[in-house]
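Protein chains get the first letters and strands the later ones, always in sequence-line order, with residue 1 at the start of each. Here the structure is a predicted model, which means the values were calculated and not measured.
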There are 4 protein chains.
Amino acid sequence: MAKVDNPRAVAGDNSGTEQAATKFAKDALKALVERIERLEDEKSSIAQDIKDVYAEAKGNGYDVKVLRKLIAMRKRDQNELTEEMTILETYAHALGMGVFG
Amino acid sequence: MAKVDNPRAVAGDNSGTEQAATKFAKDALKALVERIERLEDEKSSIAQDIKDVYAEAKGNGYDVKVLRKLIAMRKRDQNELTEEMTILETYAHALGMGVFG
Amino acid sequence: MAKVDNPRAVAGDNSGTEQAATKFAKDALKALVERIERLEDEKSSIAQDIKDVYAEAKGNGYDVKVLRKLIAMRKRDQNELTEEMTILETYAHALGMGVFG
Amino acid sequence: MAKVDNPRAVAGDNSGTEQAATKFAKDALKALVERIERLEDEKSSIAQDIKDVYAEAKGNGYDVKVLRKLIAMRKRDQNELTEEMTILETYAHALGMGVFG
DNA sequence: TACATTTAGTGTCGAC
DNA sequence: GTCGACACTAAATGTA
């Protein structure tokens with residue numbers, strides 16, 4: 001098991017007058033970690049929401065795969081998109097594929 | 001297969017009395033897409049927040065790479081724990097044993 | 001740690017005249033597992049070869065991303081491909097995107 | 001960006017003295033694609049072998065799902081072990097400690 | 001910039 | 001036959 005249950009492991013030194021400072025350091029680290037974990041929870045939650053929306057859309061007859069492609073395309077730079085399609089056609093043509101006419 | 005049970009949902013046909021229905025369908029698609037994009041924006045926003053927190057932590061002298069590892073480990077350990085219980089049960093079942101009996 | 005070092009754990013019963021049979025069962029399981037792991041090693045090895053070829057191609061000026069797309073397209077059923085493109089165009093048109101003309 | 005340092009490699013231009021060079025480029029692309037496809041065939045073949053082994057195991061009364069979990073665990077445990085050592089070292093370093101001391 | 005890790009998407013399998 | 005879960009593959013991100 002790899003979990004670090006004991007923050008003391010981080011401190012390295014609990015002797016003498018360092019105790020208070022060490023405790024502060026431990027608390028700060030703990031707060032930091034928990035702050036990040038809270039944000040990651042939120043992110044996961046929204047990711048789940050997105051999945052739910054797609055599932056609902058599927059129930060309404062939409063083609064989810066195509067929806068995803070569509071949204072991905074809307075995100076991408078137009079120039080890049082057309083350029084990529086161009087080179088894809090070029091390659092396809094070089095191989096004698098007729099997909100793009 | 002790119003299935004569409006109800007092609008009318010996104011049909012380009014605007015003739016006759018279909019106009020209103022088509023418009024509704026278009027609006028529905030538009031609303032759906034924008035809803036997803038809004039959620040993805042939120043997700044990206046939170047991802048950005050996380051990056052900011054890491055950057056701030058780095059400014060405070062934390063080792064970001066180590067932080068990431070730590071958090072990943074904390075996340076994974078829970079999964080491992082539950083997975084280990086799962087496989088134990090599963091394994092017991094596969095051998096025809098009663099629940100841990 | 002989740003590793004099952006001791007196959008005896010699988011047996012559940014080593015008493016009496018069951019010992020020999022249990023040993024056979026253990027050996028059979030061990031052989032099975034190792035057989036699968038050997039095959040997975042081979043698979044990983046070839047996967048690595050493929051990565052190497054792509055890297056080499058990249059060094060020769062090929063666009064790896066496009067190459068992957070191209071090869072993926074060659075694998076897919078033509079009817080499915082064109083149908084998916086059709087519906088994608090339909091959706092895109094409904095949203096007023098001009099990508100496909 | 002779909003970069004192509006050497007567009008000549010796949011150019012469709014067949015005019016003048018470029019013909020021979022173009023043909024070479026086409027052949028090179030074709031050879032490359034087929035080489036990758038051959039490797040992918042091998043990979044698929046082995047993947048199929050693995051599936052067959054699992055199917056055979058299932059026929060012999062093994063619980064395939066459990067088998068998969070077992071094998072995944074065996075693979076992961078090695079990684080975890082080494083990862084745990086890595087993070088320990090990393091962590092020690094982040095705290096300014098000498099190597100484990 | 002190239003590499004490695006992590007995350008999303010796609011295809012496959014088993015259950016109902 | 002459809003639905004949902006799992007595993008695998010491919011893309012994106014972050015780091016050195």
Value for CZ (B/Arg68) from CD1 (B/Ile50), rounded to nearest 0.5 Å, stands at 8.5 Å
Who passes side-chain hydrogen bond (donor to acceptor under 3.5 Å, both in side chains) against A/Asp49, sequence neighbours left out? none
Restricting to side-chain contact (heavy atoms from CB on, under 4.5 Å), what partner residues turn up for D/Thr90, sequence neighbours left out? B/Val66, D/Thr86
Pairing residues for B/Asp27 by the salt bridge (Lys or Arg N to Asp or Glu O under 4.0 Å) criterion, not counting sequence neighbours: B/Lys23
Output the rounded distance in Å from CD1 (D/Ile71) to P (F/dA7). 11 Å
Qualifying salt bridge (Lys or Arg N to Asp or Glu O under 4.0 Å) pairs with a residue from residues 34-43 of chain B, counting only residues at least two apart or across chains: A/Glu56-B/Arg35, A/Arg74-B/Glu37, A/Lys75-B/Glu40, B/Lys30-B/Glu34
Between F/dA10 (P) and C/Asp63 (CG): distance, integer Å: 16 Å
Give me the residues of residues 33-62 of chain B where at least one heavy atom lies under 4.0 Å from an atom of DNA chain F, by number, or none. B/Lys51
Taking for A/Arg68 and for B/Lys69 the nucleotide of DNA chain E with the nearest heavy atom, the one nearer the 5' end belongs to B/Lys69
With respect to the phosphate group of F/dA5, does any side-chain polar atom (N or O) of D/Lys65 fall under 4.0 Å of OP1 or OP2? no
For B/Lys69, side-chain hydrogen bond (donor to acceptor under 3.5 Å, both in side chains) partners two or more places apart: none
